[in-house]
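Just the heavy atoms: all of them, side chains too, but no hydrogens, waters or symmetry mates, feed the values below. Counting starts at 1 for both ligands and their atoms, in listed order. All figures in this text were calculated on a predicted structure; none of them were measured in a lab.
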Amino acid sequence: MNYISDRATRVAPSGIRKFFDLLSRMEGVISLGVGEPDYTTPWHIRESAIYSIEKGMTMYTSNSGMPELRQELSLFLQKMYGLNYDPVGDILITVGVSEALDLAMRAILNPDDEVIMADPHYVAYDASVMLAEGVPVLVPTYESNNFEITAADIESCITNRTKAILLGYPSNPTGAVLARKQLEQIAEVARRHKLLVISDEIYSRLVYGVEHTCFAELPDMKEQTVFLGGFSKTYAMTGWRIGFAAGNKAIIAAMTKIHQYTIMSAPTIAQVAAIEALKSGEKDIMEMVADYDRRRKFIVKGLREIGLPCFEPRGAFYAFPSIKSTGLTSEEFSEQLLMEEKVAVVQGTAFGPSGEGYIRCCYATSLADIEEALVRMRRFVEKHRQ
Ligand SMILES: Cc1ncc(COP(=O)(O)O)c(C=O)c1O
């Protein structure tokens with residue numbers, strides 16, 4: 001008897017995790033694999049959570065999240081992007097952007113509705129659409145075009161089943177950012193075709209020498225955008241599992257209904273920590289971003305010197321070099337690099353078919369480790385280059 005639903009069967013396990021199960025059994029591996037900061041959450045944020053436990057804050061919160069957190073977030077979004085989100089009704093606190101993404105898809109999609117997204121893309125994008133019985137429509141993006149998804153390419157994919165455009169910028173895995181002008185062109189297409197835009201901006205604060213434009217701040221787009229953001233990457237808080245969705249009241253209410261029955265409320269302790277992060281975390285962000293930027297420059301230069309052409313990432317903490325000159329597929333490259341040189345990277349195809357010929361290297365790790373990884377990669381590339 002097969003008890004597994006078609007829905008669960010259709011979705012492939014994450015190509016990242018498969019690899020890291022293997023890695024966890026090996027010694028001496030340098031990992032440029034998992035996409036998370038190597039920092040521990042800043043002390044004042046941890047301390048606020050400890051105090052909340054001492055004070056006995058151990059109960060559920062409101063389904064939507066603690067009023068104080070929604071209030072702080074609303075102020076923050078106003079200050080950063082000039083956006084006015086009502087803390088009551090426009091904001092939902094979630095278990096990371098992961099949950100917010102799942103809720104958004106389940107709240108908006110009917111079976112076979114289509115969602116347009118860039119390829120390569122974050123691993124959960126197509127999966128979350130499929131788990132909501134929708135159909136992901138992949139728009140290939142290319143290094144020659146800075147891995148940018150264009151309004152024209154999006155428009156060419158629109159059918160009478162298209163419900164939404166899912167954007168993720170700065171991009172995981174490529175590090176590409178989208179400039180205001182391109183976003184405006186995408187907004188124009190969304191407006192004309194009345195498409196919802198789900199905008200995952202979890203890396204919005206991790207940009208280097210460029211400005212981040214929030215999609216919802218574009219003219220007339222606030223009501224038509226579900227803005228997803230989080231604390232995992234910005235404040236080195238991956239394990240706390242806290243994120244948010246902001247958008248129009250009808251969509252946030254539908255998402256809250258699903259959240260109510262599946263999650264109830266995001267972890268209370270983590271919500272207290274998130275309040276502290278918003279109130280006093282700015283200095284930490286500045287320090288971490290400056291540090292990521294040093295590592296970004298170092299790894300991009302190093303990869304290019306090895307002979308792996310590397311697109312210059314302007315956001316997030318990933319480099320996405322081409323490995324085409326080795327003649328290996330991205331899966332062969334990453335598996336053999338791990339086995340022969342004990343360096344873990346992620347094959348580009350874990351992020352969709354357009355990732356073939358590329359690998360993702362996360363540089364949120366120490367400069368010393370990046371340096372050693374580059375030495376090992378050079379040896380590997382020299383051995384395999386055709
Ligand atoms: C683009 C993107 N969106 C969402 C997430 C999920 O983040 P969270 O920890 O908030 O669930 C990640 C994590 O890697 C990501 O890279």
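- For Thr349 and Glu356, the side-chain atoms include no donor-acceptor pair closer than 3.5 Å.
- Without hydrogens or angle criteria, Thr94 side chain to Gly243 main chain gives a donor-acceptor distance under 3.5 Å.
- Taking CZ of Arg304 as the start and CZ of Phe311 as the end, the distance is 9.5 Å to the nearest 0.5 Å.
- Summarising the local packing, NZ of Lys301 is surrounded by 12 or fewer heavy atoms from other residues, nucleotides or ligands at distances under 6.0 Å.
- Closer than 4.0 angstrom to ligand 1 by heavy atom are Gly96, Val97, Ser98, Tyr122, Tyr125, Asn172, Asp200, Ile202, Tyr203, Ser232, Lys233, Arg241, sorted by chain and number.
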**Q.** Derivation of the salt bridge (Lys or Arg N to Asp or Glu O under 4.0 Å) call for Arg192 and Glu155
**A.** CA-CA 10 Å; Arg192 199 151 30 82; Glu155 190 155 28; 2.6 Å; yes
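- For the residue pair Thr150 and Asp153, a side-chain donor N or O sits within less than 3.5 Å of a side-chain acceptor on the partner.
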